[in-house]
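Quick note: residue numbers are just sequence positions, from 1. We count ligands from 1, going down the list as the structure has it; atoms in each ligand are counted the same way.
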Amino acid sequence: MKILFVSSEVVPFSKTGGLADVAGALPVALRNLGHDVRIATPKYRSVDDQKFGLEKIIREINVHFQNDTYTASVKSAPLPGTSIPVYFISNDYYFDRQELYTTGGKDYPDNAMRYAFFCMASLWMLQALDWKPDVIHCNDWQSALIPAYLKHHLYLRTNEFYNDIKALYTIHNLAYQGSFDRTTLNSIGLGWEVYTIDGLEFYGDINLMKAGIVFSDAISTVSETYAKEIQTPEYGCGLDGILRARSDHLTGIMNGIDYTIWNPETDKLIPSRYTMQNMRGKTICKKHLQKKCNLPVNKDIPLIGMISRLAAQKGFDLISEIADDLFAMDIQFALLGTGEPDYENVFKKIGEKYPSKAGINIMFNNQLAHEIEAGADMFLMPSRYEPCGLNQLYSMKYGTVPIVRKTGGLADSVIDATPETISDGTGTGFSFEKYDAGTLLITIKRAVELYTKRKKSWKKLQANGMVQDYSWTASAKKYEELYKILSR
Ligand code: ADP
């Protein structure tokens, strides 16, 4: 089959979160199943033409919006290490910017136009290339207009080339919806007939996530539990009703992870590689991480790692509530993250108050992310909600035991450690259900106690996680099934 994968971020070209990891890995797994997969993504400033060998393949595509015509060019380069073509939609005015979506912590005011332009140019590009996919796989609000354009854009829906192209829409995080003032509707090339309760209308605004949900031929999200959760008012972010209405077309497919990048046996970004049979390298990684975070070097103190966007979703209010109790314990903590200024300040203060226990790194740094995965003993993810979560999967592979709240993909991948689950091989971490600071503290204490008092059980728990297989192959097969159903 022919599949165009459309994503606003793709590893190794651009990344703010998990979507980028997915976009850099799922197409490869699909290609390995024999499909002709190609990727469309914006040409941001972070995409270095020289380094990645970009070549201009289309000089000019005219994109008409209202009374204005904008032009895009298309550059292309293979996804590194593969022959998968990546098409970079280029327009310096829209994409040659420092950050992907924000400036000074605030969304760019023209985000609706930027991604409408991206969607429209990606579509017109197909005809210019004379390459017609069976399915366009769209992801999150940034590419959610594609299904709307296929069905409702005057020129596209009447153009035979686009007639029977199907659209799959994947929700990676329902909370980021792309809501804009309704007056934007005409500027992004759609008419008032889609401004309805069954269309883009959402409490007086337009909502691009909703466009993806209502106009795609099928919807997926990134874990089975999240697929159920988002149909409830608690997790539905106001869209649960429309998701329930389309529940026949909604599936959950757990993300995989790329073991060519995240594997302690081969990882070149960590100071020493290790295997389940020989974990000596992990001790070296821990020592290295302790030094790097200015923490006392001691292999026996449990070191808890955390790598995350600093956003409310990730449970930081719980951590700040228990901070004093947590640091009263004989533990160390290594945090890597950037995001909301309030949370950055909370952690900076924690770093100042507990300099010998907390290594706080307010930055985005891929190398340090690998070093934390390898060097920490435990990994903390007390998320309020978590569509899939990747770091718990990386952590298991690195023998770093995850401590998670039982929600979304965390519920689907981490099984709570009890004497039974540890010994029968199913236990892979520590999980708690109630979103509550006291419950989090008790769960961390359970983990620390097992680590310090029951070394043998701890080793078995690490091993249980390390043998899990979250490679992309199984998930890619599920997507393949979906594509097949769509194009029947
Ligand atoms: P989300 O998509 O909600 O941010 P995921 O767990 O799905 O959460 O994916 C987050 C990805 O981003 C992981 O690969 C993680 O290692 C990475 N990441 C998050 N913050 C940082 C950071 N500050 N530095 C490096 N990598 C980060």
Hey, is [atom1] on [X] packed in by over 12 heavy atoms from elsewhere, all under 6.0 Å?
X: Lys292; atom1: NZ; value: yes
X: Lys460; atom1: NZ; value: yes
X: Glu480; atom1: CD; value: yes

Have a look at ligand 1 and work out which part of [X], if any, has a heavy atom under 4.0 Å from it: side chain, backbone, both or neither.
X: Cys388; value: neither
X: Leu390; value: both
X: Asp21; value: side chain

message: Which option wins on minimum heavy-atom distance to atom 8 (O) of ligand 1: Glu373, Glu9, Met363, Lys314?
response: Lys314

To check your reading of the model: name the closest protein heavy atom to [atom], its residue, and the distance in Å.
atom: atom 24 (N) of ligand 1; answer: Asn365 N, 3.0 Å
atom: atom 22 (C) of ligand 1; answer: Phe364 CD1, 3.4 Å
atom: atom 12 (O) of ligand 1; answer: Lys15 CE, 3.4 Å
atom: atom 20 (N) of ligand 1; answer: Ser308 C, 3.6 Å
atom: atom 10 (C) of ligand 1; answer: Gly18 N, 3.7 Å
atom: atom 4 (O) of ligand 1; answer: Arg309 NE, 2.8 Å

- request: Scan side-chain atoms only and decide if Tyr435 and Asp317 contain a donor-acceptor pair under the 3.5 Å cut-off.
  value: yes

- request: Return yes if a side-chain donor-acceptor contact under 3.5 Å exists between Arg405 and Thr443, otherwise no.
  value: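 Judged by distance alone, the side chains do not pair up.
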
- request: Hey, can you tell me if Tyr115 and Trp141 have their rings parallel, tilted or perpendicular (30° and 60° cut-offs)?
  value: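 The rings of Tyr115 and Trp141 stand perpendicular, inter-plane angle above 60°.
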
Taking only heavy atoms of [X] into account, list the atoms of ligand 1 that are under 4.0 Å away from them.
X: Gly389; result: 6 (O), 7 (O)
X: Asn391; result: 6 (O), 13 (C), 15 (C), 16 (O)
X: Tyr394; result: 14 (O)
X: Leu336; result: 22 (C), 23 (N), 24 (N), 25 (C)

Kindly list each side-chain donor-acceptor pair under 3.5 angstrom involving residues 22-29, sequence neighbours excluded, with atom names and distances?
none

message: Quick check: Tyr385 with Tyr235 (ring centres under 6.0 Å apart)?
response: no

message: Can you list everything that forms a side chain to side chain contact (heavy atoms under 4.5 Å, CB included) with Asn263? Sequence neighbours excluded, please.
response: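 Asn263 satisfies side chain to side chain contact (heavy atoms under 4.5 Å, CB included) with Glu265, Thr266, Lys397 only.
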
